[in-house]
**Q** 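Next up is a structure, given as structure tokens.
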Protein chains: 2
Amino acid sequence: MTQPSAPAKAASQEALPRQHRHYTIGELARMFEVTPRTIRFYEQEGLLAPRREGQKRIYREKDRVRLKLTLRGKRLGFSLAEIREVVTMYDAMPDGNARQLWRLLEILADKRDNLERQLEDIRLMRMELDDVDHRAREVLRSLGHEA
Amino acid sequence: MTQPSAPAKAASQEALPRQHRHYTIGELARMFEVTPRTIRFYEQEGLLAPRREGQKRIYREKDRVRLKLTLRGKRLGFSLAEIREVVTMYDAMPDGNARQLWRLLEILADKRDNLERQLEDIRLMRMELDDVDHRAREVLRSLGHEA
DNA sequence: GACGAGGTTTACGTTAACGTAAAGTGCTTG
DNA sequence: CAAGCACTTTACGTTAACGTAAACCTCGTC
């Protein structure tokens, strides 16, 4: 996802740091502030599939993106199973049969509904937090402390 | 929270269904689509503290609100411990000492930061879901199915 | 008075998502 | 070549948030 689909500026200078191409597990772990164990676990759960160079895992740009998406999903409360459901189907898309694709669309609609409900939940919880905040500050003022 | 602080229309007819006053555990469970076990567990974790009438638990309006807030927090990925941290401090507010109140303000700011990040996460994930959706529909069209 | 529908406690079971420890491999550096 | 560092596999441990089962009250009612 989010990969540029067409080389818009093919004639540019290419002076950019040029995507590192690949990362070790430790590098990725530091980038995202997780442990290597977590990354290996995600692989075991079918969310990542790095190349091997001998024994060692080699992660490429695509893997990094997948990890990023996975962690974002987690922050939003999705389970690894749910995340895998979308991520793997996405990869199976090009050769996917129609039934699979329709299923994918269903899942996507589902997730989006989920997000919409979360937006509403956030809105409500914000109001409540603000409310508690105001009350706390008032009590503090009544105690003589300036907030 | 969300309790009306002043009786704006004190002279009204009071013809409303008049807050049920109390609920059984089964009623609450059905209202929020959880099991009684869940509600008892939340009590055990210090999130609820219903009255007892003999052996039976009696939940009042306040308890219902707390349960609602708790479940909302859960949907947003907060742990029961985090939720308790806010909810119980809120109750301890009136007689709370200054240090506790400042601590509460800290926690609130923390939660709000959390929510802001979630908003951004939702925005990004929405875009990605839309992206995948579009691609899937294109593949479907290329297969001759009208989406 | 048997019974079913609700409630209760106690306690062990389960799942997800890792943590942690042990033991081994491979490189490069003093 | 010993030491250290980063990686590997295997496997058991842990925590949160309940599920599930057993065994028990206590009503209203048939």
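Chain naming here is simple, since letters A, B, ... match the order of the sequence lines and numbering starts at 1 in each. From a predicted model like this one, the values you see are computed outputs, not experimental measurements.
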**Q** Which nucleotide sits closest to the side chain of T38(B): dC18(D), dA17(C), dT8(C)?
**A**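 Selected nucleotide (nearest to the side chain): dC18(D).
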
**Q** What is the distance, to the nearest angstrom, from the CG atom on L28(B) to the P atom on dG6(C)?
**A**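 Those two atoms, CG and P, are 15 Å apart.
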
**Q** If you draw a 6.0 Å radius around CZ in R52(B), do more than 12 non-hydrogen atoms from other residues or ligands fall strictly inside?
**A**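 Yes, enclosed.
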
**Q** So, does T35(A) get its side chain near the phosphate of dG19(C), meaning an N or O under 4.0 Å from OP1 or OP2?
**A**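 For dG19(C), OP1/OP2 do have a side-chain N/O of T35(A) under 4.0 Å.
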
**Q** K56(B) has an atom NZ; how far is it from atom C1' of dT9(C), in whole Å?
**A**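 So the NZ-C1' distance, K56(B) to dT9(C), works out to 14 Å.
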
**Q** Rounding to an integer number of Å, can you tell me how far R37(B) CZ sits from dA11(C) P?
**A**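 Interatomic distance, CZ of R37(B) to P of dA11(C): 13 Å.
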
**Q** L47(A) CG to dC18(C) P: how many Å, rounded?
**A**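 Those two atoms, CG and P, are 10 Å apart.
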
**Q** Give the nucleotide from the list dA17(C), dA17(D), dG7(C) with an atom nearest to the side chain of S79(B).
**A**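 Out of dA17(C), dA17(D), dG7(C), the nucleotide with an atom closest to S79(B)'s side chain is dA17(D).
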
**Q** Any salt bridge linking D130(A) with R135(A)? Criterion: basic side-chain nitrogen under 4.0 Å from a carboxylate oxygen.
**A**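 Salt bridge absent between D130(A) and R135(A).
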
**Q** In whole angstrom, what separates E43(A)'s CD from dC18(C)'s P?
**A**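 After rounding, the gap between these two atoms is 15 Å.
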
**Q** Can you tell me the distance, in whole Å, between the CZ atom of R75(A) and the P atom of dC18(C)?
**A**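 So the CZ-P distance, R75(A) to dC18(C), works out to 13 Å.
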
**Q** Can you see if the side chain of Y42(B) gets near the phosphate of dA17(D) - specifically, an N or O under 4.0 Å from OP1 or OP2?
**A**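 For dA17(D), OP1/OP2 do not have a side-chain N/O of Y42(B) under 4.0 Å.
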
**Q** Separation of R40(A) atom CZ from dT10(D) atom C1', in whole Å?
**A**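 Result: 12 Å.
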
**Q** Looking at K74(B), does any N or O in its side chain come under 4.0 Å of the phosphate oxygens OP1/OP2 on dC18(D)?
**A**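 Checking K74(B) against dC18(D): at least one side-chain N or O falls below 4.0 Å of OP1 or OP2.
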
**Q** Does E138(A) CD have over 12 foreign heavy atoms under 6.0 Å away?
**A**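 For E138(A), atom CD is not crowded (no more than 12 foreign heavy atoms under 6.0 Å).
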
**Q** If you check every side-chain atom of I25(B), which of dC18(C), dG7(C), dA6(D) has the closest atom?
**A**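 Nearest listed nucleotide: dG7(C).
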
**Q** Is a salt bridge present between R57(B) and D63(B), judged by a nitrogen-to-oxygen distance below 4.0 Å?
**A**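 So R57(B) does not pair with D63(B) through a salt bridge.
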
**Q** If I take atom CD in residue E82(A) and atom P in nucleotide dA16(C), what distance separates them, rounded to the nearest angstrom?
**A**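 Rounding to the nearest Å, CD of E82(A) and P of dA16(C) are 12 Å apart.
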
